Amino acid sequence: MLRTRFAPSPTGHLHVGGARTALFCWALARHSQGRFLLRIEDTDRKRSSESAGLGFCADLEWLGIDWDEGPEHGGSGGGETGPYWQSQRLELYGDHLSKLVEAGLAYPAFETPDELQSQRAKARAEKTAYRYDRAALNLDPKTVAAWIEEGREHVLRFKVPSGEIRIKDEVLGEVVVPNGELEDFVIRKADGYPTYHFAVVVDDALMGVTHVVRGQEHLNNTAKHLLLQEALGFEHPVYAHLSLIFNPDGSKMSKRDKDKALRSVVKERGIDTPPVDASGQPAVDPDQWDRWRSSKDHQLDLVDATSLAEALEIELPEIDVDDFRRAGYLPGVLVNYLALLGWSPGDDKEQFDRDFLCSHFSLDRVIKSPAKFDRAKLLAFNLDAMQELTPDEFHDLLADYCRAEHPEFLEHMDASTFRLFAAANQERSKTLLDPLQSGRFFIDPCEQLSWEPTKPVRKALLNGEPCGYDLLAELATRLEQVQWTSEALEAVVTGLAGERAGDKIGKVAQPLRIAVSGGTISPPIYDTLLILGRDRTLRRIALCLEARAALTAEAAS
RNA sequence: GACCCCAUCGUCUAGUCAGGUCUAGGACACCUGGUUUUCAUCCAGGCAACAGGGGUUCGAAUCCCCUUGGGGUCGCCA
């Protein structure tokens, strides 16, 4: 039976590159009725954390990628070949390490990290490639025994046999690593933990992994793994190395790229205060801005980073899976888009679900060349998927999203109002976050509203005869007496438009929109009024009219 | 620097393995026009690519070589 695995090291968050690797492993297993395993590679004691490991599980679960064996999480996990955290498998590695030492295929080495560091620096200065010089292999056995006896720190190195290595890869074809390219690499660190190379080989074998699908940054490592498998008497799994995913500018994606990009632009342009966006609002909350500027360790969250990038007119590079969740993307869409980075079903079909992926996926349609991550296309896909949801599905998704990210919307709206809010926003939302960003005015207190005299606001309120303010005043009177239904409201607006504005509904609707929202953007006007209710609508119109003199004066100056 | 990988519109890609059906198809972005009470949609149309050079062949986006460009690796990180 085909068995694949995703084996992340639990530092930070699951990155889109890692997510795509996991997706391909999963799709391959599902396609072949095989098993997909998750293994946490936490052999780096300094950097790994259990919480990060759990975070990876949560990210995969959100994406809809389930695993048959691995850490137990949600409905996934369990299995006979565990434990699935490498830090709990030390004994297993110890057994295999001993075998290699006894067979003379591995040996202790006593150089300190500092010594190795300076040797490497020397090689670099001489412009030659550094390889470990096997000094420890030439040590007198008695010396070695004595040093070990006295507890001197040492690593175990694998004695690399000579000869070229042929890697058969399902994506790249055959890759040859020439003789002499590999040094005697470390397989056990001084702290007793195995290195990645050793642990991965042992675990893949013991867990019965038949297909190793991973990023191309591992291609060179594969030669080491092949050698280790032979030394340990393991079968070679099938390998498939996936091309990397790049930032739009062509550089490799890395965890801090977003922040780095923003900081360098801000520094370069000498910007001290939050830049304003297209609507004149600060792109980043001033408090957040100050925190961010004062500490290099504090990264802006995705929302702030995105709006800052827009205000600066730069494109933001990479992103974690969790960033996309928080930014209001649908998991199925992210899965769909990620699948398209390096794979396609072969015809013009681009939008598909997980089932389609599983039934059509195969390694021979995986592309060799690297891909750049295009957020605009992802966003377009998300829009399409949002439009295809039923109103109930959209409502439920939006409610879940609010609960997790913006509970204030649920606190300020009763269930039926929230339902109206969802319905009014579905067809104009590209993400679940959109209606929340553009709809803040729904939950802000009326008194907090202000009417900035931007050009479109001035035009709608001051221009024409009668002007928007005049129409608003009339509207206030009429709305007081009308029944608060979509039909009745429409009758009032169209009626007034017919009487005073030459049937131009916009002449009435736009001042009204500005009065109740503070700006020029809102859901369709009758929906907006319904969500707001009569009291707040009238209150806001009154407040807007009170501000008339000030705005008129401001506009005149 | 050494070794390795990659190369079709701005981007993701189909076509490459089995050379002709490719005056190179789709999607996103962009541009133009239209619909719309704002925003977002939506509709119609348009722009746009086989990195360069050599070879093989009746015929090359497809096969081979070189160049150029991009990327990865060279850790007691994974």
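Here is how names work: the chains are called A, B, and so on, in the same order as the sequence lines, proteins then strands, and each is numbered from 1. Since the model is a prediction, treat every value here as computed from it, not as a measurement.
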S.K.: Using a cut-off of less than 4.0 Å, is there contact between a side-chain N or O of A/K377 and OP1 or OP2 of B/rC12?
M.R.: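 No, no such contact exists.
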S.K.: Which pair of heavy atoms, one from A/L432 and one from A/L397, lies closest together, and at what distance?
M.R.: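 Looking at all heavy atoms of both residues, the shortest contact is CD1-O, 4.1 Å.
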S.K.: Searching all strands shown, indicate the nucleotide that pairs with B/rC3 (Watson-Crick or G-U wobble; both distances under 3.5 Å).
M.R.: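 The base-pairing partner of B/rC3, which may sit in any strand shown, is B/rG72.
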S.K.: With sugar-phosphate meaning primed atoms plus P, OP1 and OP2, does A/V176 contact a base, only sugar-phosphate, or nothing at under 4.0 Å between heavy atoms?
M.R.: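 Sugar-phosphate contact only - A/V176 comes under 4.0 Å of backbone atoms but never of a base.
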S.K.: Excluding sequence neighbours, so at least two apart, what forms side chain to side chain donor-acceptor pair (under 3.5 Å) with A/E111?
M.R.: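 Residues passing side chain to side chain donor-acceptor pair (under 3.5 Å) with A/E111: A/Y132.
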S.K.: How far, in whole Å, is B/rA24 from B/rG33 if one measures between their C1' atoms?
M.R.: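 It works out to 28 Å between them.
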S.K.: Can you pull out every salt bridge (Lys or Arg N to Asp or Glu O under 4.0 Å) where at least one residue sits in residues 190-205 of chain A? Sequence neighbours excluded, please.
M.R.: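 Every salt bridge (Lys or Arg N to Asp or Glu O under 4.0 Å) pair that includes a residue of residues 190-205 of chain A, provided the two are not neighbours, is A/R5-A/D204, A/R39-A/D203, A/R39-A/D204, A/R45-A/D191, A/R89-A/D203.
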S.K.: Summarise how protein sits on nucleotides 38-53 of chain B as a single string, 5' to 3': B when a protein heavy atom is under 4.0 Å from the base, S for sugar-phosphate-only contact, - for no contact.
M.R.: BBBS------------
S.K.: Taking the six-membered ring of A/W147, is NZ or CZ of A/R152 closer than 6.0 Å to its centre and within 45° of its axis?
M.R.: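 Yes, a cation-pi geometry holds between A/R152 and A/W147.
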S.K.: Pairing check on B/rU36: which nucleotide meets the Watson-Crick or G-U wobble criteria with it, both distances under 3.5 Å?
M.R.: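 Its partner: none found.
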S.K.: Is the charged tip of A/R440 near the ring of A/F442: under 6.0 Å from the six-membered ring centre and within 45° of its axis?
M.R.: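 That pair does not qualify as a cation-pi contact.
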S.K.: Quick one: list whatever passes side chain to side chain donor-acceptor pair (under 3.5 Å) with A/R428, sequence neighbours left out.
M.R.: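 With sequence neighbours excluded, A/R428 shows a side chain to side chain donor-acceptor pair (under 3.5 Å) to A/N425, given in chain and number order.
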S.K.: Provide a list of protein-nucleic acid N or O atom pairs under 3.5 angstrom, restricted to nucleotides 75-78 of chain B.
M.R.:
| unit_1 | atom_1 | unit_2 | atom_2 | d |
| --- | --- | --- | --- | --- |
| B/rG75 | OP2 | A/R120 | NE | 3.0 |
| B/rG75 | N2 | A/R47 | NH2 | 3.2 |
| B/rC76 | OP1 | A/R120 | NH2 | 3.2 |
| B/rC76 | OP2 | A/R120 | NH2 | 3.4 |
| B/rC76 | O2 | A/A190 | N | 2.8 |
| B/rC76 | N4 | A/E111 | O | 2.6 |
| B/rC77 | OP2 | A/K189 | NZ | 3.1 |
| B/rC77 | O4' | A/R47 | NH2 | 3.2 |
| B/rC77 | O2' | A/D44 | OD2 | 2.9 |
| B/rA78 | OP1 | A/T43 | OG1 | 2.7 |
| B/rA78 | OP1 | A/K189 | NZ | 2.5 |
| B/rA78 | OP2 | A/Y196 | N | 3.2 |
| B/rA78 | O3' | A/E41 | OE1 | 3.1 |
| B/rA78 | N6 | A/N221 | ND2 | 3.2 |
| B/rA78 | N1 | A/N221 | ND2 | 3.4 |

S.K.: Between A/H96 and A/G94, is there a donor-acceptor pair closer than 3.5 Å when you use the side chain of the first and the backbone of the second?
M.R.: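 Flag not set: sc A/H96 to bb A/G94 has no pair under 3.5 Å.
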S.K.: Give the B/S/- string for nucleotides 13-20 of chain B, one per nucleotide from 5' to 3', where a protein heavy atom under 4.0 Å of the base yields B, of only the sugar-phosphate yields S, and otherwise -.
M.R.: SSS-----
S.K.: Check this for me, if you would: do A/R458 and A/E452 make a salt bridge, where the nitrogen-to-carboxylate-oxygen distance has to be below 4.0 angstrom?
M.R.: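 No, this pair does not count.
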